[in-house]
Q: 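Sharing a structure with you now.
This chain uses plain numbering: 1 for the first residue, then up along the sequence. Only heavy atoms go into these numbers, but all of them, side chains included; no hydrogens, no water, no symmetry mates.
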Amino acid sequence: QVQLAESGGGLAQAGGSLRLSCTASGRTFNNNPMGWFRQTPGKEREFVATISWRGFTTYYADSVKGRFTITRDDAMNTVYLQMNSLKPEDTAVYFCAASLHTSGTYYSSDYTYWGQGTQVTVSS
């Protein structure tokens, strides 16, 4: 059974940092893109960042570009999201996702496996 488990969410002050982790079990995704999405109540899940296999390329939503960094450690079957200069509007449930496509995309429908989500709350 494939599972993605996020951790590292919590409460941070505006301007602060948090690091999210997502560890896969049940199979490896070394040859697949991984991504992070986020969702707030009443809104659709939105793209945050994606990283290609082996980390060759990364893409970010404009709202987080320059503040967030996605990386992966394939030996640990883990993908990370380093979030710096946090803003209150970053408050959301953050989801890790794995795609079976050859390249990462912005579309949640292109991702097959999802974690359960981790809450990030940024206070002003």
Side-chain angles (χ1 to χ4, degrees):
Q1 181 180 359
V2 176
Q3 289 188 326
L4 301 179
E6 302 102 335
S7 61
L11 178 64
Q13 291 188 332
S17 299
L18 286 173
R19 188 195 196 201
L20 305 183
S21 300
C22 171
T23 300
S25 60
R27 63 159 286 171
T28 62
F29 293 98
N30 294 357
N31 297 321
N32 302 102
M34 303 283 291
W36 287 95
F37 289 76
R38 65 187 182 186
Q39 190 170 21
T40 54
K43 293 188 177 181
E44 291 188 359
R45 196 166 295 186
E46 69 169 349
F47 168 77
V48 175
T50 186
I51 186 167
S52 68
W53 69 290
R54 297 195 181 182
F56 290 138
T57 57
T58 57
Y59 295 102
Y60 298 91
D62 288 342
S63 58
V64 307
K65 201 172 295 182
R67 301 188 297 121
F68 291 10
T69 304
I70 186 171
T71 57
R72 64 190 298 162
D73 182 342
D74 289 334
M76 300 293 291
N77 221 18
T78 299
V79 62
Y80 304 95
L81 186 68
Q82 178 66 44
M83 305 186 295
N84 298 329
S85 302
L86 283 164
K87 303 177 180 180
E89 51 263 43
D90 294 320
T91 296
V93 177
Y94 283 72
F95 297 89
C96 167
S99 173
L100 298 182
H101 293 267
T102 56
S103 61
T105 76
Y106 307 132
Y107 303 106
S108 60
S109 58
D110 287 339
Y111 292 80
T112 302
Y113 300 102
W114 292 85
Q116 80 287 352
T118 185
Q119 176 70 47
V120 170
T121 303
V122 183
S123 63
S124 58

Q: Test of understanding: with salt bridge (charged side-chain N to carboxylate O under 4.0 Å, His left out), list the residues that count as partners of D110, not counting sequence neighbours.
A: none
Q: Where is the tightest heavy-atom contact between V79 and C96, given as atom of each residue plus distance?
A: CG1-SG, 3.8 Å
Q: Given the rule in the side-chain contact (heavy atoms from CB on, under 4.5 Å) test, do T105 and S99 qualify, once you have shown the distances and angles that lead to the verdict?
A: CA-CA 9 Å; T105 76; S99 173; 6.0 Å; no
Q: Could you go through the side-chain contact (heavy atoms from CB on, under 4.5 Å) check for R38 and D90 one step at a time?
A: CA-CA 9 Å; R38 65 187 182 186; D90 294 320; 3.0 Å; yes
Q: What are the two closest heavy atoms between H101 and N32, and how far apart are they?
A: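 In terms of heavy atoms, the two residues are closest at O-ND2, 3.7 Å.
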Q: May I ask you to decide if the ring planes of Y94 and F68 are parallel, tilted or perpendicular, using 30° and 60° as cut-offs?
A: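 Aromatic pair Y94/F68 classed tilted.
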Q: Quick one: list whatever passes side chain to side chain donor-acceptor pair (under 3.5 Å) with S17, sequence neighbours left out.
A: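 Only N84 meet the side chain to side chain donor-acceptor pair (under 3.5 Å) criterion with S17.
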Q: Linking I/L/V/M/F/W/Y whenever their side-chain heavy atoms sit closer than 4.5 Å, directly or via other members, would Y80 and V64 fall into one cluster?
A: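 Result: no, two separate clusters.
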Q: Is there a chain of hydrophobic side chains (I, L, V, M, F, W, Y, each step under 4.5 Å between heavy atoms) that links V122 to F37?
A: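 No.
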Q: Under a 3.5 Å distance rule, please check whether T50 uses its side chain to pair with a backbone N or O of M34 as donor and acceptor.
A: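 Yes, T50 side chain to M34 backbone: donor-acceptor pair under 3.5 Å.
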Q: Taking OH in Y60 as the centre, count heavy atoms belonging to other residues, nucleotides or ligands within less than 6.0 Å. Is the count above 12?
A: yes
Q: Applying salt bridge (charged side-chain N to carboxylate O under 4.0 Å, His left out), name anything that partners K65, two or more places apart in sequence or on another chain.
A: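 So K65 forms a salt bridge (charged side-chain N to carboxylate O under 4.0 Å, His left out) with D62.
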Q: Could you pull out all residues at least two apart from Y113 that satisfy ring-ring contact (aromatic ring centres under 6.0 Å, His included)?
A: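 Listed in chain order: F29.
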Q: If you measure only the distance, is there a donor-acceptor pair under 3.5 Å linking the side chains of T121 and T91?
A: no
Q: Is there side-chain contact between Q82 and T71, with heavy atoms separated by less than 4.5 Å?
A: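 They are not in contact (no side-chain heavy atoms under 4.5 Å apart), so the answer is no.
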Q: Answer yes if Y59 and Y111 sit in the same cluster of Ile, Leu, Val, Met, Phe, Trp and Tyr residues linked by side chain heavy atoms under 4.5 Å apart, and no otherwise.
A: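 Same cluster.
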Q: Atom OG in S25, atom CD in Q1: separation rounded to 0.5 Å?
A: 8.0 Å
Q: Would you check if the side chain of S52 reaches a backbone N or O of T57 as a donor-acceptor pair within less than 3.5 Å?
A: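 Yes; at least one donor-acceptor contact below 3.5 Å.
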Q: Report the distance from atom CG of L4 to atom OG1 of T23, rounding to the nearest 0.5 Å.
A: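 These two atoms lie 9.0 Å from each other.
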Q: Any donor and acceptor pair, going by atom type alone, linking the side chain of E6 with main-chain N or O of G117 inside 3.5 Å?
A: yes
Q: For Q13, I'd like to know if atom CD has over 12 heavy atoms of other residues, nucleotides or ligands within 6.0 Å.
A: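 12 or below, so no.
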Q: Looking only at heavy atoms, what is the nearest atom pair of P33 and S103, with distance?
A: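 Heavy-atom minimum between the residues: CG-C, 3.4 Å.
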Q: Would you confirm whether N77, through its side chain, and A24, through its main-chain N or O, come within 3.5 Å as a donor-acceptor pair?
A: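 It does hold such a pair.
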Q: Going hydrophobic residue to hydrophobic residue with side-chain gaps under 4.5 angstrom, can you get from L86 over to W36?
A: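 Per the 4.5 Å side-chain linkage, L86 and W36 are co-clustered.
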Q: Hey, any chance V48 and F95 share a hydrophobic cluster, counting ILVMFWY side chains that come within less than 4.5 Å of each other, even indirectly?
A: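 As far as the 4.5 Å side-chain criterion goes, F95 and V48 are not connected within one cluster.
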Q: With rounding to the nearest 0.5 angstrom, report the CD to CD distance, E44 to Q39.
A: 8.5 Å
Q: Any non-hydrogen side-chain atom of W114 less than 4.5 Å from a side-chain atom of R45?
A: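 Side chain of W114 against side chain of R45, heavy atoms only: contact under 4.5 Å found.
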Q: Kindly write out the residues that satisfy salt bridge (charged side-chain N to carboxylate O under 4.0 Å, His left out) with E89, not counting sequence neighbours, or none if the list is empty.
A: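 So E89 forms no salt bridge (charged side-chain N to carboxylate O under 4.0 Å, His left out) with any residue.
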Q: Under the salt bridge (charged side-chain N to carboxylate O under 4.0 Å, His left out) test, which residues partner R72, sequence neighbours left out?
A: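 Counting only residues at least two positions away or on another chain, R72 forms a salt bridge (charged side-chain N to carboxylate O under 4.0 Å, His left out) with D74.
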Q: Quick check: do T112 and V2 have side-chain heavy atoms less than 4.5 Å from each other?
A: no
